[in-house]
Amino acid sequence: MIRIEDFIQLKAFARQDGLLLSLLWTASFALIVYMPASAMGNILAIITPLFVAWRLRIFREYALGGIISMRRAYGYSAYTFVYASLVFAIVQYLYFKFLDHGTFMQMIDSSLATITAIYRQAGVSTAELTATADSMRTLTPINWAFIFMMQNVCIGAMLSLPIAAVMARRMPRSGGAHGGRQA
């Protein structure tokens, strides 16, 4: 059973690291939108699990003396993703509301044009793609931000399981503990 103090500590570290993760996602999003030909935005997004695992390791070593249960590791990771998703949703809302001016939809239209051409070559109907694009054009900035937030929370919940499995420790590594309470 987790004590309330342990839970408060876990959430405090997850909030801080969620803020850092949201900065990583913001940089990734900006690179994807403003430099779509560059792979850097996608690379930053792909390293998300490694970033969360790195921050979990710091939490485990410095706050918990090198020991963390699978459950606590999962809780930390999941909370980190939730907090990052909330902050990133605010960033995305502000972007879509005040800075986008159709840039994001142009990028989607460009991608859909490529996919439509592939569908036509294969002899597949493009009616669904056209309907989807029309639906996407009606989304408001808050809709976009909410969609991305829910996607990030769901993906984070799934990614938290393997991150926790890899980072959980029953015993501190020799010379690896840096003080703090044990789990």
Side-chain angles (χ1 to χ4, degrees), residues 1-33 40-100 104 139-183:
M1 181 114 221
I2 192 166
R3 295 181 336 184
I4 190 72
E5 296 86 13
D6 296 337
F7 188 61
I8 290 169
Q9 178 192 43
L10 180 140
K11 287 176 58 176
F13 273 83
R15 273 192 300 273
Q16 293 170 4
D17 294 340
L19 179 61
L20 294 175
L21 180 57
S22 71
L23 294 174
L24 177 73
W25 286 350
T26 300
S28 171
F29 183 72
L31 288 169
I32 288 170
V33 170
M40 273 311 293
N42 292 320
I43 290 170
L44 289 178
I46 290 170
I47 66 167
T48 292
L50 299 175
F51 180 83
V52 174
W54 171 61
R55 296 305 303 172
L56 174 55
R57 180 182 174 276
I58 290 171
F59 172 58
R60 179 190 73 206
E61 297 299 323
Y62 292 98
L64 303 176
I67 299 172
I68 191 167
S69 68
M70 172 79 172
R71 185 175 76 174
R72 186 179 289 186
Y74 180 82
Y76 164 86
S77 296
Y79 271 110
T80 299
F81 278 106
V82 167
Y83 291 130
S85 297
L86 290 170
V87 172
F88 189 51
I90 293 167
V91 169
Q92 285 187 308
Y93 171 76
L94 294 172
Y95 168 78
F96 287 124
K97 182 76 174 169
F98 301 110
L99 300 174
D100 182 56
F104 188 74
L139 295 175
T140 64
I142 194 79
N143 295 137
W144 280 111
F146 184 76
I147 288 167
F148 282 117
M149 182 185 76
M150 294 312 300
Q151 175 185 345
N152 291 334
V153 167
C154 291
I155 291 171
M158 289 185 285
L159 285 175
S160 291
L161 192 58
I163 291 169
V166 169
M167 300 307 292
R169 295 274 186 274
R170 291 186 182 267
M171 295 175 35
R173 291 186 176 187
S174 58
H178 298 286
R181 269 196 22 264
Q182 295 186 2

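If you're wondering where the values come from, they're calculated on a predicted model, not measured in any experiment.
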Colleague: Do you know the tightest heavy-atom contact between L44 and I47?
Modeller: O-CG1, 3.2 Å
Colleague: My understanding is that only one of L94, L86, V87 makes a side chain to side chain contact (heavy atoms under 4.5 Å, CB included) with I90; could you say which?
Modeller: L94
Colleague: Compare every heavy atom of M149 with every heavy atom of A89, then report the nearest pair and how far apart it is.
Modeller: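 Minimum heavy-atom separation between A89 and M149: CB-CB, 3.8 Å.
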Colleague: Can you sort out the partners of R169 under salt bridge (Lys or Arg N to Asp or Glu O under 4.0 Å), two or more places apart, ordered by chain and number?
Modeller: none
Colleague: List the atom of G18, the atom of Y83, and the distance in Å for their closest heavy-atom pair.
Modeller: CA-CB, 4.3 Å
Colleague: Determine which pairs satisfy salt bridge (charged side-chain N to carboxylate O under 4.0 Å, His left out) with at least one residue from residues 46-56, sequence neighbours left out, and list them in order.
Modeller: D17-R55
Colleague: Name all residues meeting the ring-ring contact (aromatic ring centres under 6.0 Å, His included) criterion together with F59; count only those two or more places apart in sequence or in a different chain, and write none if there are none.
Modeller: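 F59 satisfies ring-ring contact (aromatic ring centres under 6.0 Å, His included) with F13, Y76 once adjacent residues are dropped.
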Colleague: Could you tell me the separation between the CG atom of L19 and the CZ atom of F88, rounded to the nearest 0.5 Å?
Modeller: 13.0 Å
Colleague: Which pair of heavy atoms, one from L64 and one from Q9, lies closest together, and at what distance?
Modeller: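 The answer is CD2-OE1, 3.6 Å.
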Colleague: With sequence neighbours excluded, what pairs up with Y74 under the ring-ring contact (aromatic ring centres under 6.0 Å, His included) test?
Modeller: none
Colleague: Only counting residues at least two apart or in another chain, list the ones meeting side-chain hydrogen bond (donor to acceptor under 3.5 Å, both in side chains) with N42.
Modeller: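 So N42 forms no side-chain hydrogen bond (donor to acceptor under 3.5 Å, both in side chains) with any residue.
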Colleague: Anything under 3.5 Å between a donor and an acceptor, one on a side chain of residues 24-32, the other on a protein residue two or more places apart or in another chain? List them.
Modeller:
{"residue": "W25", "atom": "NE1", "partner": "T48", "partner atom": "OG1", "Å": "3.0"}
{"residue": "T26", "atom": "OG1", "partner": "S22", "partner atom": "O", "Å": "2.7"}
{"residue": "S28", "atom": "OG", "partner": "G41", "partner atom": "O", "Å": "2.6"}

Colleague: Only one of L10, I67, L56 passes side chain to side chain contact (heavy atoms under 4.5 Å, CB included) with R72; say which it is.
Modeller: L10
Colleague: Can you tell me which residue pairs pass the side-chain hydrogen bond (donor to acceptor under 3.5 Å, both in side chains) test with a partner in residues 147-156, sequence neighbours excluded?
Modeller: none
Colleague: Is any side-chain heavy atom of F51 closer than 4.5 Å to one of L20?
Modeller: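 Yes; the side chains approach each other to less than 4.5 Å.
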Colleague: Only distances under 3.5 Å count here; give the side-chain donor-acceptor pairs of residues 154-165 to other protein atoms, sequence neighbours excluded, each with its distance to 0.1 Å.
Modeller:
{"residue": "S160", "atom": "OG", "partner": "A78", "partner atom": "N", "Å": "3.1"}
{"residue": "S160", "atom": "OG", "partner": "G156", "partner atom": "O", "Å": "2.7"}

Colleague: Applying side-chain hydrogen bond (donor to acceptor under 3.5 Å, both in side chains), can you list everything that pairs with Y93, at least two apart in sequence or on another chain?
Modeller: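 With neighbours one apart ignored, the set is empty.
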Colleague: Once you round to the nearest 0.5 Å, how far does CD of Q92 lie from CG of L99?
Modeller: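 Interatomic distance, Q92 CD to L99 CG, rounded to 0.5 Å: 12.0 Å.
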Colleague: Counting neighbours of CZ on F146 that are heavy atoms of other residues, nucleotides or ligands and sit closer than 6.0 Å, is the number greater than 12?
Modeller: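 Not buried by this count: 12 neighbours or fewer within 6.0 Å.
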